[in-house]
Amino acid sequence: MTTMPATEALDRDAAVLGSGPYRAVRVAAASIAVAYLVSTLIPLAHRPPLLDTVGYSGLLICATLLALLRPALVRTARATWTCVGLGIACWAVGDVYWTATFANRPAGDIPVPSVADACYVGLYPLAYAGFILLARGAARRLPAAVWLDALVSSLAAGAVFSGIAMGQVLHTDDGADLAGQITNLLYPVGDLVLLAVAVAALTMVRWRPDPVWWLLGLGAALFAVADTAYLIALDHQTYEDGGWIDGLWILGLTLMAYAASLPRRRVTTEVRGFAALLVPILFSLAALGVLVVGTFVRLHPVAVLLAAACLIAAGVRTALTFEQTRELARTRVAAHTDLQSGLGNRRALDAELPTLLHRLRPGSQLYLTILGIDHMSEINGTLGYPVGDLVLNAVGERLRREIPADAVCARLGGVELAVLRTVRPGTDPAEVLAQTRALVGVLAEPVEAGDLPVHIEVSAGIAAAPAHAATPEALIRCAADALRTAREHGTGIEAYDPALDAGSRFGPQLFPDLLRAFAEEQFVTYYQPKVDVATGRPVALEAVLRWHHPHRGLIEAEDVQPLAARVGLRRRLTRALLESSVQACAGWLARGVELGVAADIDVPDILDSQLPYDLAKMINRAGIPPGAVTLEVAEDVLLVDPRRTSSALGQFRHFGLRLALDHYGRSAPSLTRLRTLPVDEIKLDASFVAPVPRSTQDAAVVRSTIELARSLNIATVAEGVAAQDVLAALTTYGCSGVQGPLPGEPMDPEQLDAWLATQPVRSPRRVTAPAPRRGAVRGR
């Protein structure tokens with residue numbers, strides 16, 4: 001025997017409930033029930049007797065079959081709807097029996113209790129079980145507040161029902177025997193519990209527009225009204241077959257059966273906020289009204305007790321709501337507070353920044369200062385993370401103490417803190433810069449970690465709105481750029497300078513354009529010759545990736561790289577450059593062109609542990625010798641941890657690649673570090689060699705640098721050579737190679753092909769580049 005998969009079973013059940021015949025059956029049953037109720041409300045001169053006997057019993061049978069059809073055909077919630085269907089069937093059997101046995105007998109001759117009463121009462125436990133089974137899935141996930149709402153609503157409904165029905169129904173039983181009294185008592189009590197369960201269930205599902213629950217609740221309510229009206233009419237001897245009470249019974253049972261025939265839909269809307277509390281409040285007011293009426297009119301004790309219990313439950317619910325509100329306030333504060341620094345967190349900044357920008361008055365400026373604690377990784381690594389946490393906490397406490405009362409401070413993340421403050425019109429930016437400098441001085445004071453004073457450094461980047469940016473995201477980006485500049489230049493504090501921001505020059509719309517540029521192949525690799533001074537022959541071509549923007553034209557590599565870093569595409573950009581360079585070199589060698597290729601990589605690329613392996617795969621696929629590829633490493637590598645950089649560069653050397661130190665001399669690097677770096681070549685920066693013909697001091701420095709490199713068996717290449725006198729001086733000093741406007745500008749692939757045709761770079765056979773050797777400029 002095979003078991004049907006759960007999803008297949010659900011699909012089958014949904015298909016059954018949504019089928020045309022099933023829909024036709026339930027619509028027909030509901031229509032007939034409504035038509036019968038309408039017929040009881042319209043006075044007829046002659047009402048057919050069979051309509052209220054045979055026809056009435058037939059409607060009961062229709063409702064019963066509709067209710068039992070669901071568990072017979074559908075597996076989902078079978079136990080639930082079996083209970084509801086059997087309850088309806090039990091009541092219908094009782095009523096058919098009553099019609100057949102007692103319809104023509106006087107009310108005083110009808111025995112109480114009878115078989116019909118047993119069947120009538122049997123509806124209640126079965127319906128309760130079905131309602132509870134249906135609500136059980138939602139009740140497992142309900143908080144205490146919802147349970148209390150359900151209790152308040154059900155008690156109030158019971159109080160109102162008891163106040164109306166109990167006294168009217170039970171006072172006529174004084175002369176009845178005990179069995180008759182108990183039987184008559186079961187009806188209002190059963191209806192009371194049925195109504196209370198239905199109201200509680202609706203409350204537990206938060207009064208969602210779920211037709212199943214609303215039909216069950218409405219059916220239970222109509223049934224309770226009909227039972228109450230019947231007992232009252234029986235007491236006053238005014239009940240007649242075929243009246244509106246019979247119509248309510250039929251409609252109530254049919255609505256519950258109709259609910260069983262509907263599929264349960266996933267409800268996406270839910271009543272929230274005050275609307276969710278409105279119904280419990282109204283029920284509480286109804287219970288209060290019962291107690292007020294009870295002071296003037298004698299009510300049944302059950303009604304008074306239920307109303308009192310409802311108000312007690314409402315009081316507990318109010319106390320719980322008050323505590324939840326306090327907890328929500330505490331949670332909201334905690335959600336906007338950084339526990340480590342005691343400042344606000346990024347969520348607090350994101351909430352305050354748009355508000356402050358919106359409230360900014362004409363002429364005023366909103367200044368955002370991002371403060372960064374420098375070298376925190378070294379503090380954590382040397383003294384331990386507890387000391388780092390202590391430093392962060394101390395800086396946060398100082399910041400809270402020093403900033404103005406109207407300023408907002410928050411921790412952006414890591415070791416970066418933000419300060420927002422609005423300054424009045426006419427305030428000199430230099431004054432803001434001076435205040436920031438003073439603040440940084442206070443924050444950078446040593447932090448006592450036990451007996452050890454920890455010295456810290458703090459950098460700051462400042463941006464203003466609307467002077468520099470008009471949106472929260474742009475303002476944060478500008479301040480972060482300023483902080484980055486302060487750290488790179490070692491100045492400590494920098495105000496945002498739009499002239500240094502490529503993103504500002506091109507506009508924020510350039511960032512999504514960059515994402516599309518890869519897919520649309522808008523990047524083109526240009527190549528600039530690197531010429532051997534001794535022979536005058538080009539020995540390699542340096543690859544530069546430029547962006548051919550469809551609207552802004554050509555964007556240089558130095559502008560593309562920071563943009564790519566901001567949107568997380570630096571890694572992809574580097575691999576695109578290397579892939580095109582390796583493929584181009586393979587093409588040259590295949591045509592017998594003896595040229596290697598060089599490409600720039602930055603410090604993050606060097607520390608990318610996967611890059612050496614990816615590059616090795618590119619070289620193997622292209623079928624070129626590893627020595628044909630030179631990686632030009634930015635001079636910033638000299639400022640990074642020596643152990644990490646030496647190990648990372650050693651990985652590239654392990655695969656046979658050549659390494660060149662780019663822009664040498666731009667920031668006076670350490671000669672000691674140069675001695676320990678595994679590089680084959682250093683490239684003297686243009687600013688380092690340009691003054692040589694006019695300055696004996698600069699000439700001496702360049703000459704000594706070339707001699708030092710030669711003694712270390714490292715080749716030297718001068719960048720940016722644009723004049724013959726500079727070339728002549730470098731040749732005299734023994735420089736290995738030159739690169740710049742004089743030897744040749746960067747060329748696109750078409751220009752490169754034309755240039756190669758004029759150069760002595762071909763061999764009569766396919767070239768296999770030899771392994772690199774120190775002291776010579778090799779591009780392969």
Side-chain angles (χ1 to χ4, degrees), residues 525 530 539-543 545 570-589 594-664 669-683 708-717 736-737 767-780:
T525 306
K530 187 188 298 185
V539 292
L541 293 168
E542 180 180 354
L545 201 64
R570 177 195 292 273
R571 180 187 179 98
R572 188 173 178 183
L573 192 69
T574 298
R575 279 159 175 76
L577 172 64
L578 294 175
E579 182 70 39
S580 63
S581 302
V582 168
Q583 292 298 326
C585 184
W588 304 331
L589 294 177
E594 296 188 37
L595 286 176
V597 69
D600 284 339
I601 60 173
D602 209 342
V603 174
D605 301 318
I606 297 171
L607 300 181
D608 180 358
S609 59
Q610 186 61 35
L611 183 59
Y613 300 95
D614 292 344
L615 183 54
K617 293 177 183 177
M618 297 178 196
I619 292 173
N620 289 335
R621 285 196 302 267
I624 64 174
V629 179
T630 300
L631 298 180
E632 297 189 355
V633 181
E635 191 191 38
D636 296 342
V637 72
L638 296 173
L639 306 176
V640 184
D641 178 21
R643 184 183 61 82
R644 292 182 63 196
T645 52
S646 296
S647 175
L649 292 175
Q651 282 288 90
F652 292 105
R653 291 297 302 273
H654 172 74
F655 288 110
L657 303 169
R658 301 185 73 253
L659 296 176
L661 188 65
D662 203 6
H663 305 304
Y664 186 86
S670 167
L671 296 179
T672 304
R673 288 293 317 280
L674 175 63
R675 180 177 58 82
T676 60
L677 282 178
V679 297
D680 302 282
E681 172 185 308
I682 61 173
K683 299 186 69 177
L708 173 63
R710 185 184 301 116
S711 68
L712 295 174
N713 201 25
I714 299 175
T716 53
V717 176
S736 306
V767 175
T768 301
R773 60 184 178 85
R774 299 270 187 152
V777 178
R778 304 289 290 177
R780 56 191 189 278

Nearest-0.5 Å distance that lies between atom [atom1] in [X] and atom [atom2] in [Y]:
X: Leu578; Y: Ile601; atom1: CG; atom2: CD1; value: 7.5 Å
X: Leu649; Y: Leu607; atom1: CG; atom2: CG; value: 8.5 Å
X: Ile606; Y: Ser647; atom1: CD1; atom2: OG; value: 12.0 Å
X: Asp602; Y: Leu573; atom1: CG; atom2: CG; value: 11.0 Å
X: Leu661; Y: Asp680; atom1: CG; atom2: CG; value: 11.5 Å
X: Leu615; Y: Phe655; atom1: CG; atom2: CZ; value: 9.0 Å

query = Does Glu542 have any salt bridge (Lys or Arg N to Asp or Glu O under 4.0 Å) partners at least two apart in sequence or in another chain, and if so, which?
reply =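 Salt bridge (Lys or Arg N to Asp or Glu O under 4.0 Å) check on Glu542 returns Lys683.
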Between [X] and [Y], what is the shortest heavy-atom contact and its length?
X: Ala543; Y: Val597; answer: CB-CG2, 4.3 Å
X: Ile682; Y: Val679; answer: CG2-CG2, 4.5 Å
X: Pro678; Y: Leu659; answer: O-CD1, 3.2 Å
X: Pro625; Y: Leu589; answer: CD-CD1, 4.0 Å

Residues 581-588 side chain polar contacts: donor-acceptor under 3.5 Å, at least two apart:
{"from": "Ser581", "atom 1": "OG", "to": "Leu577", "atom 2": "O", "distance (Å)": "2.7"}
{"from": "Gln583", "atom 1": "NE2", "to": "Glu579", "atom 2": "OE2", "distance (Å)": "3.2"}

message = Taking Pro604's backbone N and O only, do any of them form a donor-acceptor pair with Asp608's side chain (distance below 3.5 Å, no angle check)?
response =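 No, Asp608 side chain to Pro604 backbone: no donor-acceptor pair under 3.5 Å.
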ask   = Just by distance, do the side chain of Asn620 and the backbone of Lys617 share a donor-acceptor pair under 3.5 Å?
value =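 Side chain of Asn620 to backbone of Lys617: no pair is present.
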inquiry  = Atom OH of residue position Tyr613 - does it have more than 12 heavy atoms of other residues, nucleotides or ligands inside 6.0 Å?
reply    =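 Not more than 12 within 6.0 Å, no.
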inquiry  = Restricting to side chain to side chain contact (heavy atoms under 4.5 Å, CB included), what partner residues turn up for Asp614, sequence neighbours left out?
reply    =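 Partners of Asp614 by the side chain to side chain contact (heavy atoms under 4.5 Å, CB included) criterion, ordered by chain and then number, come out as Arg571, Arg575, Gln610.
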